[in-house]
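Data first, discussion second: the structure below is written as structure tokens.
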Amino acid sequence: MSVVKKMNEQYFEIGKVVSVSGNSITVQLSDSVKSDMPIINGVVYRIGQIGSFLKIPLGYCNVIGIVTQIGAAATPENVLEKQLSFGYDSVSNSQWLTINLIGEQTGKQFNRGVSQSPTTGDSVCLVTIEDLSNIYNDYDASSSINVGNISSSESLNAYMNLDKVVSRHIAVLGSTGSGKSNAVGVILNAIIEKQFKNARILVLDPHGEYNTVFKRSSSVYKIGGDYTTSKQLYVPYWALPFNELISLFDAPITDANREYIREKIVHAKVKGAEVNGIKIDSVLISADSPIPFSIKKLWFDLDDFERQTFNKRGDPDSKTELVEKGDPDRLKSNIYQPASTTNSPPFTNNQAKGLLSFLESIRLKLTDTRYNFLFSPGEYTPDKEGKIQKDISELLSDWFDSQKAISIFDLSNVPAELMLSITGTLLNIVYDALFWGQNLSNGGKRRPLLIVLEEAHNYLHNGKASIASRTVQRIAREGRKYGIGLMLVTQRPSELDETVLSQCGTIVALRMNNNKDRAYVSGAIQDELRSLIDLLPSMRTGEAIISGEGVKIPSRVQFFRLNGAYKGSDPAVSELWRNAPENENSYAELVKLWRNKKFTLEENESE
């Protein structure tokens, strides 16, 4: 090892600028650099390490660049052709670097972007620990969070700009076991430690990983919760826009019948506004208005009209007698005298819409206990007249106005096929509420919300026009204007909708082995860092390349290790197989749960 030549006390020259092409600078190392690991002031530096920084002094300003190539790959074409004629060894020993410019340092202040470019012959110098310290310590303590250490120098803290992270969206990407959940936990914990009085964070957690990590600073809402460690998660169906509500039902429906049902829902919501004393002009009520109505009564009335028979053809006053009276609460149809198969009474209802198959799909959804959170949402469930005990304002207040900064929606009990509708429904309600209340004190503009979407690829699959995808796309495009930020967390970025990923202003890329996923990450980050994506397979657990608006300078960061173990999503096979069977008759209970479509049975049901 040797000490490189000193220009003065601040600058340690390692080479010269040979060519400038836009933002890319080709550097030829000086002959005086005899070692790639010089010692300067007792510190060992590695010249040309991919992702490291170099500086080009230009008067009072230092232009900072990041190393993207070294050796033969960085050799200019004309030089390479000449060297190849002398043999491969001469090429492999070439001392060349390529750097991409990222910002300027004036004194102790660093700014992204370059106002002046270097030219051929300018000196290229090492960025010392003191330089890095000036860059990384130039931050606003009130708006920054400390998430780890700079990999090249563990003495330097890694800060992220919270304003940019929330308002411009962030994606945390990495393979299984790379440390995604820990990175998300560190970011959220850093926010909590700032002790903001008005912070508001919503975590959609499909595996229940965060319940134990943020016990003291979160409220947990769970579908099928046990009431001891969590609250029941309710999402009233009547708060959904019409198209999203109809899309929950599987059977096909014609456009004419869709509009027919839309009209019936509007009438039901007008009545719901009256019985609940909601102050709104009835002319303004639409099928999208978040006003309660009884979906069971709607089903019953539509179903009844389809089944009616008449003693006189086309005469609504000649309706036949009921054979069996139905019940909307039990989703039981009225049964009329069957229509004759000959040209004699009773006659079928020639005004019927042919809706029975669609109405049957509604009935099946309403009786499926997995959808109780939606169609039987506790005190938010309307009675037959549309009267409710609690309005949606109390639901939103429960979610977001507690003394805890984080609200965790634990979806671990939800089957995968329901994930799209559940997440989309939740996000739609939250976004619409904050959008229309944007100018109020609890609206998004005056009290921003960060939405964390864990395992986002499960319900934001590229090419699927689901309610979840549509809602997240809308938040990604427009949410920043209304104070709603996204944090996407996924192990398969290639499966995400490209529109959503492209809207993320900050990218946290952890270890990633899949080539297709790395290609998507490469397309999402700034051009000068794309060559660094090749480093991702060799990253340590918890180590990431962070780029974009959330950091002052693109950085390779080792995240802190968060205290508190995450709940694993996989069973401990070797331990569970070692145990003796608990109940030989458990399969009878299993089948009973299966048939009743429930996770647990009441005492009277289990007998």
Side-chain angles (χ1 to χ4, degrees), residues 236-238 240 242-243 245-276 282-283 285-289 291-369 371-372 374-376 381-388 595-597:
Y237 64 86
W238 46 264
L240 284 177
F242 173 76
N243 288 334
L245 177 61
I246 292 298
S247 68
L248 294 173
F249 308 114
D250 303 324
I253 183 173
T254 65
D255 291 341
N257 281 339
R258 179 184 289 267
E259 294 308 307
Y260 170 68
I261 294 177
R262 183 193 296 271
E263 183 180 345
K264 295 296 184 181
I265 288 180
V266 170
H267 290 317
K269 289 195 172 189
V270 169
K271 183 177 180 180
E274 292 175 356
V275 300
N276 288 289
S282 60
V283 177
I285 296 177
S286 71
D288 296 333
S289 302
I291 295 175
F293 74 97
S294 172
I295 194 169
K296 289 185 176 180
K297 183 64 164 56
L298 174 73
W299 170 87
F300 183 81
D301 291 343
L302 292 172
D303 181 82
D304 182 62
F305 185 71
E306 298 295 306
R307 297 179 183 276
Q308 290 174 6
T309 57
F310 301 95
N311 291 315
K312 295 181 181 179
R313 191 187 303 274
D315 183 0
D317 294 328
S318 64
K319 187 167 58 174
T320 60
E321 296 293 329
L322 280 173
V323 174
E324 185 176 350
K325 186 175 177 58
D327 183 356
D329 288 330
R330 296 167 57 197
L331 295 170
K332 182 179 178 182
S333 302
N334 277 335
I335 305 299
Y336 293 90
Q337 296 178 30
S340 173
T341 57
T342 62
N343 191 21
S344 60
F347 299 102
T348 60
N349 181 6
N350 57 12
Q351 298 296 318
K353 307 296 182 180
L355 274 172
L356 285 178
S357 61
F358 184 76
L359 292 172
E360 178 63 10
S361 72
I362 293 179
R363 189 188 70 81
L364 290 175
K365 273 291 195 304
L366 297 183
T367 55
D368 191 336
T369 57
Y371 283 88
N372 281 350
L374 186 64
F375 296 118
S376 299
T381 307
D383 62 16
K384 285 187 291 187
E385 303 302 317
K387 182 72 174 177
I388 51 175
R595 286 172 174 161
N596 285 274
K597 294 184 177 179

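- Looking at residues two or more places apart in sequence or on another chain, you find a side chain to side chain contact (heavy atoms under 4.5 Å, CB included) between E321 and Q337.
- Considering every non-hydrogen atom in both P316 and F310, the closest pair reads CA-CE2, 3.5 Å.
- A donor-acceptor contact closer than 3.5 angstrom links the side chains of D303 and S333.
- Distance CG/D301 to NE2/H267: 12.0 Å, rounded to 0.5 Å.
- In this structure the side chain of Y260 reaches within 4.5 angstrom of the side chain of L302, judged on heavy atoms.
- Atom-to-atom distance recorded for D304:CG and I335:CD1 is 9.5 Å, nearest 0.5 angstrom.
- Residues passing the salt bridge (Lys or Arg N to Asp or Glu O under 4.0 Å) test with R262 are E259, sequence neighbours excluded.
- P252 and F358 get closest at one heavy-atom pair: O-CD1, 4.0 Å.
- Paired with R313 under the rule side chain to side chain donor-acceptor pair (under 3.5 Å), one option of T348, N349, N343, N350 passes, and it is N343.
- Every side chain to side chain contact (heavy atoms under 4.5 Å, CB included) that D315 has, sequence neighbours left out, goes to K312, D317, S318.
- The structure places OG1 of T309 at 9.0 Å from CG of L322, a figure rounded to the nearest 0.5 Å.
- How far NZ of K332 is from CD of E324: 3.5 Å, rounded to the nearest 0.5 Å.
- For K296, the side chain to side chain contact (heavy atoms under 4.5 Å, CB included) partners are S294, L331, L366, not counting sequence neighbours.
- For the atom pair N276 CG and K387 NZ, the distance stands at 5.0 Å (nearest 0.5 Å).
- When side chains are defined from C-beta on, I253 counts as touching L355, because their heavy atoms get closer than 4.5 Å.
- Using a 4.5 Å heavy-atom cutoff, the side chains of N334 and F300 are in contact.
- Counted within 6.0 Å of NZ on K353, heavy atoms from surrounding residues, nucleotides or ligands total more than 12; the atom is thus considered enclosed.
- For the side chain to side chain contact (heavy atoms under 4.5 Å, CB included) test, no residue two or more places apart in sequence or in another chain qualifies with T341.
- Heavy atoms only, all atoms of each residue included: S289 and S286 are closest at OG-N, 3.0 Å.
- Here the closest non-hydrogen pair linking F242 and A287 is CB-CB, 3.6 Å.
- When side chains are defined from C-beta on, W238 counts as touching P382, because their heavy atoms get closer than 4.5 Å.
- The two residues F375 and L245 make their nearest non-hydrogen contact at CE2-CD1, 4.3 Å.
- Nearest heavy-atom pair across D383 and E385 is OD1-N, 2.9 Å.
- Between the side chain of W299 and the backbone N or O of P328, no donor-acceptor pair lies under 3.5 Å.
- Applying the ring pair (Phe, Tyr, Trp, His ring centres under 6.0 Å) criterion to F293, with sequence neighbours excluded, gives Y237.
- Side-chain contact between L374 and L248 is present, with heavy atoms from C-beta onward closer than 4.5 Å.
- To the nearest 0.5 Å, atoms CG (N243) and CD1 (I246) are separated by 8.0 Å.
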